[in-house]
> 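What follows is a single structure, and I will ask about it in a moment.
Below, all heavy atoms of this structure are taken into account, side chains as well, without hydrogens, waters or symmetry copies.
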Amino acid sequence: MKMNNICFRIKTVLSIVIVLVTIINCGYSASVSKKYDDLFTINVTMNNYETKQEDEYAYVQHKLPDEELFIVGYSPLINMNSAHHMLSYACSAPGSDKPFWTGYGPCSGQQMIIHGWARNAPSFTLPEDVGIPVGRNTPYKYIVINIHYLLILKNDNSGNQLIMTRKPRKYHAGVLLSGTGAIYLRPKTHTIRTPFSCEYNGPPISIFAARVHAHQWARVNSLYRVRNGEISQVVKGDPQWPQSFYPLPSTIEIQNKDYIVGQCVYDNNDDRIITAGSTHHDEMCNVYVMYSYDPKHDLSPPQMCWDNGISRMASLIPPDSEIPPLKPADISGTQNGHHAHAEHAMNSYTANDDQSYEDYLDEFENIRHRDKGIDNFDINKILSHLGLPDYEYVDAQNYDYLLPNHLTYGKGQTVKLHNAKLMRSNLYKSVENWPDIKSLPAQLGQVGGIALNNANDELIVFHRGSRKWEFKYFNGFNFRNEDYGPIEEDVLIHIDTRTGQTKFRWGSKKFYMPHGLTIDHEGNFWLTDIAMHQVFMFKPNDLNHSALIVGEMFKPGSGPNQLCRPADIAVMKNGDFFVADGYCNSRIIKFNRKGEYIMEWGSPMSGKLDSDGFPLPNEWNIVHSIALNEDAQLLCGADRENFRIQCFNSNTGEFQRQIRVEITEKIGAIYAIEFAPNTNGTILFAVTGGAQTSNKKVYMIDAQKGEILTSFDSNPHLNAPHDITVSINAREIYVGELASSPNNALRKFELSKQKDLPTQTFIKRINFNDKNFRISLIIMAAFAISVLASVIIGCIIRIKNKRKIHRLNTFPTDVKNRDISNVSFLGDWTNRRKGFEKLEQYSDGENEPLDTSIADDPCNNSGDDTITTTKKQQAIKFNNKKNTLKLTMDDSL
């Protein structure tokens with residue numbers, strides 16, 4: 001009985017414990033469910049991936065479900081022993097159809113960086129009620145992870161875990177990338193600073209986290225906000241710490257028209273120059289900030305602030321920006337570590353100009369231009385290609401003999417220096433104070449296309465006014481016409497190419513998102529609108545009504561009479577034309593002059609690579625620009641995101657060649673191309689752009705041979721070039737940019753003339769073995785012989801004349817002594833020839849007879865023989881005048 005009681009008590013206690021545990025567990029489960037039941041994770045990882053080389057950039061994609069989703073956190077599944085860094089993107093389409101790929105970009109179409117990781121950085125969670133929208137009702141249908149592998153690995157499964165929710169968030173989040181590619185670190189140099197700055201144009205944002213990124217030479221990266229002349233720190237971080245998004249101690253508000261400014265500071269103890277690049281042997285300068293904003297606002301925040309667009313703001317960066325923050329005790333992800341990494345925001349600080357900083361900028365510019373001169377070019381060859389006379393422009397070869405290269409010295413003289421390094425930076429010069437900013441409309445916005453109307457000396461600009469290409473205007477590829485409508489401003493501007501002043505405007509309330517512009521040989525205007533998915537042709541005598549339209553308004557498609565975000569046009573002399581239907585359809589279409597479909601070629605990316613490591617020919621990753629040389633039957637297209645130009649036979653569409661403008665480490669997106677008119681050959685100009693291109697440049701190419709003739713950048717640098725156009729013989733080059741104001745929307749470059757180049761004085765050294773010198777010596781000898789012969793002949797003639805004068809002076813005496821009575825009636829004519837020779841040299845009186853009856857008395861004026869006396873007086877006067885002149889000349893000598 002007692003044992004039964006004990007068992008009963010034990011069972012009772014166990015039952016009570018089980019009930020309590022169940023209640024507690026249910027309560028916990030309920031609380032967890034209440035707070036976290038809407039969360040789930042998506043792992044985007046490699047699958048036993050094997051790298052082929054060091055510094056390999058590999059990509060993996062994941063298609064999102066067709067739902068409205070929000071990303072609220074990240075948990076990296078990666079280790080720094082295998083990877084240098086990892087970036088996560090939200091994409092409208094992946095850069096390849098393959099699940100894994102290398103060699104080209106993460107996305108095709110719209111993209112947004114959503115996370116960054118390096119150096120074993122910890123997990124990260126967004127603030128409550130904040131998320132990054134992806135999936136349905138957004139452009140972003142895919143997640144792509146980019147991993148920069150350090151070493152050759154096998155069976156790697158690195159990637160990122162995304163924490164997701166289906167529950168809508170009150171605030172949306174985004175990432176703003178700031179930084180610069182203008183990095184040049186001299187050997188054994190310290191405290192090298194690379195500033196960057198821009199003006200913020202967008203809705204109010206609240207920055208709540210930041211991440212800095214650079215490579216091993218970086219000491220500290222920093223970012224600041226400038227408002228009303230006062231600078232406030234956003235973040236200052238050490239890129240050698242684990243690199244993730246760390247929460248700021250307090251949010252930093254950025255408003256429209258604020259300035260964003262920052263810099264990276266480096267120390268280079270190596271014996272080599274370090275420049276910007278993608279490998280761990282190069283450097284980078286990045287500061288990422290994650291922000292939240294109210295999605296109800298009309299504007300969407302920008303995604304990038306790149307290079308030093310507002311250079312004057314750099315002087316406000318405080319001196320302590322070069323001092324890295326103190327390393328916290330725990331950097332592995334604790335709250336204190338996060339705060340210590342971000343440090344404290346500065347409320348206000350105004351710094352004085354840092355002289356060493358200005359010196360560095362000057363030195364950087366000098367080095368940059370000197371470095372660009374390493375790849376010499378043949379100026380004579382270029383002028384020949386352009387069809388320009390070599391006497392009008394500088395010849396880099398003709399003056400080489402003037403350079404000191406011998407121990408024999410001659411007289412000092414000033415000569416022009418013509419070596420290829422100097423010529424490289426002077427081949428084209430930027431035209432200052434062009435255009436006339438005051439005459440441009442205040443709402444001159446992002447430039448879609450530019451073209452020259454040579455008949456009127458005009459540059460035509462097709463711009464977007466107050467509108468920008470932003471996600472809010474589109475639902476996928478469809479424009480939200482019901483919400484926004486056409487652009488109110490005149491989007492076409494005619495600018496005088498000489499004065500830079502605006503001559504005419506038109507095009508208001510006609511276009512929604514301007515892009516491409518071409519002017520044909522008849523002066524017709526060809527325009528593309530990527531929102532309307534159409535191509536328009538306007539005749540110059542009727543700018544209110546389009547003469548031809550191709551494509552269906554607001555209906556994207558891939559049929560023979562449909563277009564999807566057409567980018568550019570090229571027109572033949574017979575009126576047939578080509579359309580770069582490149583944003584969605586990856587093709588080039590040919591139409592006849594009536595707009596009827598003829599043929600097309602091109603296909604999307606297959607993911608396969610050619611033997612050169614680039615995508616296969618006739619595959620496109622945005623056909624952004626096309627150019628036609630009808631005489632050569634050559635049509636070329638800018639394959640923008642594949643960093644190449646592809647050329648085809650314009651009649652058959654047969655592939656001819658591809659052209660890459662730079663070596664692999666320096667390649668950038670090719671935004672626009674155009675053939676130079678009236679040249680000796682197929683001279684093609686191209687301009688690179690985009691955020692991934694650190695140094696935007698203009699290239700001159702022989703398209704028939706695929707040869708890069710030369711290239712140049714500018715000072716100030718090109719920031720966001722979008723289109724290029726070239727005058728006859730390429731004397732002038734114009735570039736249109738995706739700028740936020742008229743101040744930096746248009747650039748003009750002129751071919752430098754001989755008078756524009758600098759001169760230098762030095763002692764000339766004569767090289768007797770130089771071919772040019774020998775030719776000059778022969779010419780001088782021939783000239784000297786001619787002069788000597790002329791002198792000898794002149795002396796002979798002078799001697800003969802003196803003898804004649806002597807005979808004439810003795811002639812009066814002979815006449816006086818002669819017996820005149822015995823002279824016949826012809827006697828006076830026997831010596832007439834000598835008398836006329838005398839008068840021909842010293843008198844104007846051709847018919848006056850000669851008499852010498854008063855030769856012995858030159859002062860006699862008796863008048864007995866008036867004619868004779870007058871003659872003798874004249875003869876004597878001329879002789880005296882001659883002698884006087886002779887004395888004067890002797891005095892002067």
Side-chain angles (χ1 to χ4, degrees), residues 66 92-94 96-97 108-110 139 141 448-449 469 473-482 486 510-518 520 524 526-538 546-572 574-607 615-626 628 635-642 646 648-655:
D66 187 18
S92 60
S96 172
D97 295 334
S108 175
Q110 298 182 32
K141 312 301 182 183
W469 187 345
Y473 293 109
F474 296 92
N475 181 11
F477 294 131
N478 297 313
F479 184 79
R480 294 175 175 171
N481 180 41
E482 65 280 1
K510 293 181 181 294
F511 301 95
Y512 292 77
M513 195 65 70
H515 200 277
L517 166 64
T518 297
D520 64 22
N524 299 317
W526 296 77
L527 308 158
T528 74
D529 191 305
I530 59 174
M532 303 171 74
H533 308 290
Q534 290 180 304
V535 171
F536 304 88
M537 189 268 278
F538 289 84
S546 56
L548 179 67
I549 301 177
V550 177
E552 299 181 37
M553 186 174 181
F554 298 128
K555 293 183 179 180
S558 57
N561 296 311
Q562 291 180 308
L563 303 171
C564 185
R565 291 184 173 177
D568 200 11
I569 322 101
V571 187
M572 301 180 69
N574 66 355
D576 294 351
F577 59 97
F578 302 86
V579 176
D581 192 23
Y583 274 98
C584 317
N585 292 326
S586 301
R587 62 179 179 174
I588 296 175
I589 314 176
K590 185 176 182 179
F591 298 90
N592 65 17
R593 62 181 305 142
K594 298 179 180 179
E596 298 170 340
Y597 176 90
I598 297 178
M599 63 181 296
E600 70 176 72
W601 64 85
S603 62
M605 304 292 295
S606 66
L616 297 175
N618 207 17
E619 291 185 356
W620 301 88
N621 193 356
I622 303 181
V623 194
H624 197 256
S625 176
I626 54 176
L628 173 67
L635 181 79
C636 296
D639 191 1
R640 195 182 84 179
E641 299 305 316
N642 283 332
Q646 297 193 70
F648 302 83
N649 183 294
S650 58
N651 293 329
T652 65
E654 180 183 359
F655 176 78

> In this structure, are over 12 heavy atoms from other groups packed under 6.0 Å from Arg593 atom CZ?
no
> With sequence neighbours left out, what residues match Glu654 under side chain to side chain donor-acceptor pair (under 3.5 Å)?
none
> Check side chain to side chain donor-acceptor pair (under 3.5 Å) between Asp576 and all other residues, then give those that pass, not counting sequence neighbours.
Asn574
> For Asp581, what residues pass the side chain to side chain donor-acceptor pair (under 3.5 Å) criterion, not counting sequence neighbours?
Asn585, Arg587
> If we only count heavy atoms from C-beta on, is the Trp469 to Ile530 side-chain gap below 4.5 Å?
yes
> If you round to the nearest 0.5 Å, how far is CE of Met537 from CD1 of Ile569?
11.5 Å
> How about Arg565 and His533: do any of their side-chain heavy atoms sit closer than 4.5 Å?
yes
> Do Tyr473 and Arg480 have side chains that approach each other closer than 4.5 Å (heavy atoms only, starting at C-beta)?
no
> Quick check for you: to the nearest 0.5 Å, what is the distance between Asp520 atom CG and Met572 atom CE?
12.5 Å
> Does some side-chain heavy atom of Leu548 sit less than 4.5 Å from a side-chain heavy atom of Phe577?
yes
> List the residues meeting side-chain contact (heavy atoms from CB on, under 4.5 Å) with Ser92, not counting sequence neighbours, and say none if there are none.
Gln110
> CE of Met599 to CD1 of Ile588: how many Å apart, nearest 0.5 Å?
10.0 Å
> Could you check if a side-chain atom of Met532 sits within less than 4.5 angstrom of a side-chain atom of Lys510, using non-hydrogen atoms only?
no
> Between Ser650 and Leu628, which heavy-atom pair has the shortest distance, and what is it?
CB-CD1, 3.8 Å
> Would you say Thr528's side chain and Pro566's backbone share a donor-acceptor pair under 3.5 angstrom?
yes
> Could I get the full list of side chain to side chain donor-acceptor pair (under 3.5 Å) partners for Asn478, not counting sequence neighbours?
none
> Can you see which heavy atom on Val535 is nearest to which on Trp526, and at what distance?
CG1-CE3, 4.3 Å
> Going by side-chain contact (heavy atoms from CB on, under 4.5 Å), name the residues that satisfy it together with Pro617, two or more places apart in sequence or in a different chain.
Asp610, Gln646, Phe655
> For Tyr597 and Asn561, which heavy atoms make the closest approach, and how far apart are they?
CB-OD1, 4.2 Å
> Less than 4.5 Å apart, any side-chain heavy atom of Met553 and any of Lys555?
no
> Under the rule for side-chain contact (heavy atoms from CB on, under 4.5 Å), what residues qualify as partners of Asn481, not counting sequence neighbours?
Phe479, Tyr512, Phe554
> For the residue pair Ile549 and Gln534, what are the closest heavy atoms and their distance?
CG2-NE2, 3.4 Å
> Please identify each residue that fulfils ring-ring contact (aromatic ring centres under 6.0 Å, His included) with His515, with sequence neighbours left out.
Tyr583, His624, His722
> Could you pull out all residues at least two apart from Ser108 that satisfy side-chain contact (heavy atoms from CB on, under 4.5 Å)?
Ala93, Asn621
> Got a second to check how far Ile622's CD1 is from Cys584's SG, nearest 0.5 Å?
9.5 Å
> Could I get the full list of ring-ring contact (aromatic ring centres under 6.0 Å, His included) partners for Phe477, not counting sequence neighbours?
none
> Could you pull out the closest heavy-atom pair between Asn618 and Trp601, with the gap in Å?
OD1-CD1, 3.3 Å
> Can you tell if the side chain of Asn524 reaches within under 4.5 Å of the side chain of Val571, non-hydrogen atoms only?
no
> According to salt bridge (Lys or Arg N to Asp or Glu O under 4.0 Å), who are the partners of Asp529, at least two apart in sequence or on a separate chain?
none
> Taking the side chain as every heavy atom from C-beta outward, state whether Asp568 and Thr518 have any atom pair closer than 4.5 Å.
yes
